[in-house]
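Remember, predicted model here, so these are calculated numbers, not experimental data. As the structure lists them, so they are numbered: ligands from 1, and atoms in each ligand from 1.
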Amino acid sequence: MYKYVPTFTDYIIQEQRNANHATGSFTNLMAQIENSAKIIASHVKASGLVDILGKTGETNTFGEEVQKLDEFTNKLLVDTLISSGEVYAVISEEMEQPVYAPKEHAGNYIVYFDPLDGSSNIDTNSPIGTIFSIYKKEGDTLLQPGKNQIAAGYIIYGSSVMFVYTFGHGVNGFTLDPAVGSFLLSHPNMQMPKKGKIYSINEAYYNRLDKGIQEYITAIKDQDGMRARFVGSLVADMHRTFIKGGVFLYPADKKQPEGKLRLMLEVNPFAFLAEQAGGKAISNLASPLDIIPTSIHQRASIVMGSSENVDEYLSYIK
Ligand code: P6P
């Protein structure tokens, strides 16, 4: 018996119908991102077979080695978004400078993206992902606080390929049906459990952490059933948190006083998603979404996940 399941295309067209005065411009932008995700997914799945594994020998803005697949994914997204005619500018984790659309082809959206987050895991076949964050152009600035995001999401290339996205009305997850090439609505209205039993932090940095955070980590280890999980790929660690609950921590420490994760490219999209899924996100005692950015590549500390887990963390550090 056939059961109708909405596709991502059905969903964004329905969103367009719900939005007054929608012109279809945002729908086209989302369709371009979705199509790029399918192309990236096919290359990630085949990356062990074709010569796009390994390193390019170059380093990116942050001094990190660029993987060939990183480079391919970055170029695909830049070219697709600029040629869509819907963007004013794109900012990628892989590029120091923004790319502006030619004036005669510029649109009204600004898209930040991390083309392939967790790319150090590519060769080990661990889950990696693409992260995106969309703002409406306001004047000439590219620097708006995260609360201005009109959409954010990620694609996780794991045991299945999922497209998880919010437009400000909750979070929905779509799973790629490789036989058909469509993303199907598999996880409607994703809600993070109020409390989870998984904490996710790179404990190699324990000795560099503030005392309050050390006390928090030590205390939760004694709680019944608590588990540590850390993939080292933000998309994988946060997708698990959306599904199973718990808390992800990448706080500032003595060696990384600003934290490591990028505010505009990683922290803000996931903070938006976490809040839309009933969770919480904290950067130095406040919401990262209120931070007024001063640089497109600035870093921020982040602790996010189930609301009760984040509140418990706060009780140790306030
Ligand atoms: P560390 C990947 O490089 C990344 O930006 C995130 O995906 C991940 O959460 C973090 O860095 C891992 O950092 O210091 O534990 O290797």
>> Pair T218, Y206 - check side chain to side chain donor-acceptor pair (under 3.5 Å), show working.
In response: CA-CA 10 Å; T218 304; Y206 179 85; 3.0 Å; yes
>> Please state which option from S233, A236, G232 has its nearest heavy atom closest to atom 2 (C) of ligand 1.
In response: G232
Give the residue, atom name and distance (to 0.1 Å) of the protein heavy atom nearest [atom].
atom: atom 4 (C) of ligand 1; result: K260 NZ, 3.9 Å
atom: atom 9 (O) of ligand 1; result: L234 N, 3.5 Å
atom: atom 7 (O) of ligand 1; result: D117 OD2, 2.6 Å
atom: atom 15 (O) of ligand 1; result: N202 ND2, 2.8 Å
atom: atom 1 (P) of ligand 1; result: Y205 OH, 3.6 Å
atom: atom 5 (O) of ligand 1; result: E266 OE2, 3.1 Å

> With a cut-off of 4.0 Å, which atoms of ligand 1 are near a heavy atom of F230?
Replying inline: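 So the answer, numbered in order with elements, is 15 (O).
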>> If I compare all heavy atoms of I39 with all of F72, which pair ends up nearest, and what's the gap?
In response: CG2-CZ, 4.1 Å
> Rounded to the nearest 0.5 Å, what separation is found between the OH atom of Y313 and the CE atom of M304?
Replying inline: 12.5 Å
Is a salt bridge present between [X] and [Y], judged by a nitrogen-to-oxygen distance below 4.0 Å?
X: E312; Y: K195; value: yes
X: R229; Y: D237; value: no
X: D114; Y: R262; value: no
X: E94; Y: K75; value: no

> Polar-atom distance check: V235 versus ligand 1, any N or O pair below 3.5 Å?
Replying inline: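 No, V235 has no N/O under 3.5 Å of an N/O on ligand 1.
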> Are any of the N/O atoms in S120 less than 3.5 Å from those in ligand 1?
Replying inline: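 N/O-N/O distance below 3.5 Å does not exist for this pair.
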> Is there a heavy atom in D237 that sits closer than 4.0 Å to ligand 1?
Replying inline: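 For ligand 1, residue contact (heavy atoms, under 4.0 Å) with D237 is absent.
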>> Below 30° counts as parallel, above 60° as perpendicular, anything between as tilted: where do the rings of Y154 and H239 land?
In response: perpendicular
> With a 4.0 Å heavy-atom cut-off (strictly under), which part of R262 contacts ligand 1: side chain, backbone, both or neither?
Replying inline: side chain
